[in-house]
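Below is one structure; the comments refer to it alone.
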There are 2 protein chains.
Amino acid sequence: MGYPREQSIQQATEVFWLKGYLGTGMRDLQTAMDKRPGSIYSAFGSKEGLYLEVLNHYTDVLHEQIMAVANSDNTLQQLREFLRSPLTVDDSAAHKIQCLIVKTQADWAELPEGVKNALQTALANLREAFKAVIIKAQSVGELPRELPEERVAMWLQGQFIALRTLATSVALPASLTWMADKIVSDLTGDWAQ
Amino acid sequence: MGYPREQSIQQATEVFWLKGYLGTGMRDLQTAMDKRPGSIYSAFGSKEGLYLEVLNHYTDVLHEQIMAVANSDNTLQQLREFLRSPLTVDDSAAHKIQCLIVKTQADWAELPEGVKNALQTALANLREAFKAVIIKAQSVGELPRELPEERVAMWLQGQFIALRTLATSVALPASLTWMADKIVSDLTGDWAQ
DNA sequence: GTTAAATTTGAGCGATCGTTCAAATCATAT
DNA sequence: ATATGATTTGAACGATCGCTCAAATTTAAC
């Protein structure tokens, strides 16, 4: 029972990531998961319940990726790789570039209360992970000690969002790689190229 | 006939901005515009047609704001003001912070082809306006001549998107003002504060 | 004041939405 | 083999979706 559930969540993730929360219909999910409505509802309760599990899984994966940066040596180098990595996917996975949280947040006014809360929590969790990156970079001497960590973490999260959003509409990977590098430069504080 | 049409577009803008393209129903628009369906359809053809006029109007206003920065003296100072300005609206207008184009783009996979094209065009137009700001700043000596203008314009558009997106979920205006200032600092190249 | 054209009205169309639930099927234990 | 519980099925519900169009109303011209 455990494994098929994980698989269902991943299939549902594909759909929500492609179509958004409002744009995804239960029938889309039924097709992607190859399950009938009663089955989905007994397992997840509602469209909202299914989305919440999808969001949790998505956030966990992203959180781990960022914490891997924070736990590495050469933090800034790993951060640069992290920022660059999603910009090279093939066209068929183009919808996976945009941050799922930001994408869902666009439907804010129409979302169930539970989804709104989960989005806020997810954003805060990821901001904490970015903060861990900052602090680690400070501890290894790659960043100055006297930074306002909270604000820099928010700024870094904003840069991540900007990169992922631009990547959905800007066709040139070289420009995005350039921007990823500039972000790291702006983090350290000198304008390099 | 001309003026009421303008008024209708503004009322429709409110709804689309609050609820997004998919989240907005014709009945929401009928209520906001105080018109019955046949009237709206004879004037705008379809929900898509109405949205396209809304998007055009929104883009025009934003384009003018950015060009006002480009046409001012003290370009970077005006840019800072422009980046700061939307972060101080009251809560009832909170939905007007997020960029309408980015918000609509989140529903990408489910949008009519005409809306997709219009979004791409709008983003490109605004990027041109940001580029005009860069070039003006160069011409008055506030930025170095040898910048890659296209990429910096894309970067600046990304910063704008990041600020507006963060502002919808971060409660502290001071942090966002700090970030707006950092954006201008990163544009000139030195890490101030 | 009458007429013709332009505009608005609002009931209602077919399609799709999220969801339910009785019945069928599958799994497990004895 | 058979009984029992867990799971899945799929038809169908009420609500809402974008949209249509004949009828009513408003506007403009003479």
Side-chain angles (χ1 to χ4, degrees), chain A residues 1-55 103-104 106-116 118-119, chain B residues 1-55 103-104 106-116 118-119:
Chain A
M1 191 182 99
Y3 172 65
R5 184 180 179 85
E6 178 109 353
Q7 192 184 29
S8 291
I9 292 175
Q10 270 170 16
Q11 290 162 334
T13 301
E14 286 284 328
V15 183
F16 278 121
W17 213 340
L18 178 61
K19 303 196 165 194
Y21 184 79
L22 294 181
T24 297
M26 285 308 298
R27 282 149 190 90
D28 297 322
L29 294 165
Q30 291 160 31
T31 302
M33 301 162 79
D34 192 28
K35 306 252 162 181
R36 262 35 65 199
S39 187
I40 297 177
Y41 276 82
S42 91
F44 299 99
S46 63
K47 175 183 173 181
E48 175 181 352
L50 175 53
Y51 177 81
L52 289 177
E53 296 226 28
V54 163
L55 179 66
K103 177 161 187 159
T104 308
D107 293 325
W108 189 259
E110 300 300 289
L111 296 174
E113 214 59 39
V115 172
K116 287 191 198 177
L119 290 174
Chain B
M1 192 181 94
Y3 172 65
R5 183 180 178 87
E6 179 109 352
Q7 193 183 31
S8 290
I9 291 175
Q10 270 170 18
Q11 289 162 335
T13 301
E14 286 285 326
V15 184
F16 279 121
W17 212 341
L18 178 62
K19 304 197 165 194
Y21 184 80
L22 294 181
T24 296
M26 285 308 299
R27 281 151 190 88
D28 296 322
L29 293 165
Q30 290 160 31
T31 301
M33 300 162 79
D34 191 28
K35 305 252 162 176
R36 265 32 69 196
S39 188
I40 298 177
Y41 277 83
S42 90
F44 299 100
S46 64
K47 176 182 173 182
E48 175 182 353
L50 175 54
Y51 177 81
L52 289 178
E53 297 224 26
V54 164
L55 179 66
K103 178 162 187 157
T104 308
D107 292 325
W108 189 258
E110 302 299 288
L111 297 174
E113 213 60 38
V115 172
K116 288 190 195 177
L119 290 174

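Reminder, nothing fancy here: chain letters follow the sequence lines and each chain counts from 1. Note that these values count all heavy atoms, side chains included, but never hydrogens, waters or copies made by symmetry.
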For atom [atom1] of [X] and atom [atom2] of [N], their distance in whole Å:
{"X": "B:Lys19", "N": "D:dT16", "atom1": "NZ", "atom2": "C1'", "value": "12 Å"}
{"X": "A:Met33", "N": "D:dT9", "atom1": "CE", "atom2": "C1'", "value": "15 Å"}
{"X": "B:Arg36", "N": "D:dC19", "atom1": "CZ", "atom2": "C1'", "value": "16 Å"}
{"X": "B:Lys35", "N": "C:dT9", "atom1": "NZ", "atom2": "C1'", "value": "12 Å"}
{"X": "B:Tyr51", "N": "D:dG18", "atom1": "OH", "atom2": "P", "value": "15 Å"}
{"X": "B:Asp34", "N": "C:dT7", "atom1": "CG", "atom2": "P", "value": "18 Å"}

Could you tell me if the side chain of [Y] sits less than 4.5 Å from the side chain of [X], heavy atoms only?
{"X": "B:Glu110", "Y": "B:Tyr21", "result": "no"}
{"X": "B:Met26", "Y": "B:Tyr41", "result": "yes"}
{"X": "B:Phe16", "Y": "B:Leu29", "result": "yes"}
{"X": "B:Trp108", "Y": "B:Leu119", "result": "yes"}

| request: Decide side-chain hydrogen bond (donor to acceptor under 3.5 Å, both in side chains) for B:Thr104 and B:Tyr51; before the verdict, give the C-alpha distance in whole Å, the side-chain angles of both, and the deciding distance to 0.1 Å. | output: CA-CA 10 Å; B:Thr104 308; B:Tyr51 177 81; 2.5 Å; yes

| task | Kindly compute the distance separating CD (A:Gln7) from CE (A:Met33), expressed to the nearest 0.5 Å. | result |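 That separation rounds to 10.0 Å.
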
| message | Walk along nucleotides 11-20 of chain C from 5' to 3' and tag each nucleotide B, S or - by protein heavy-atom contact under 4.0 Å, base first, then sugar-phosphate. | response | BB----BBBB

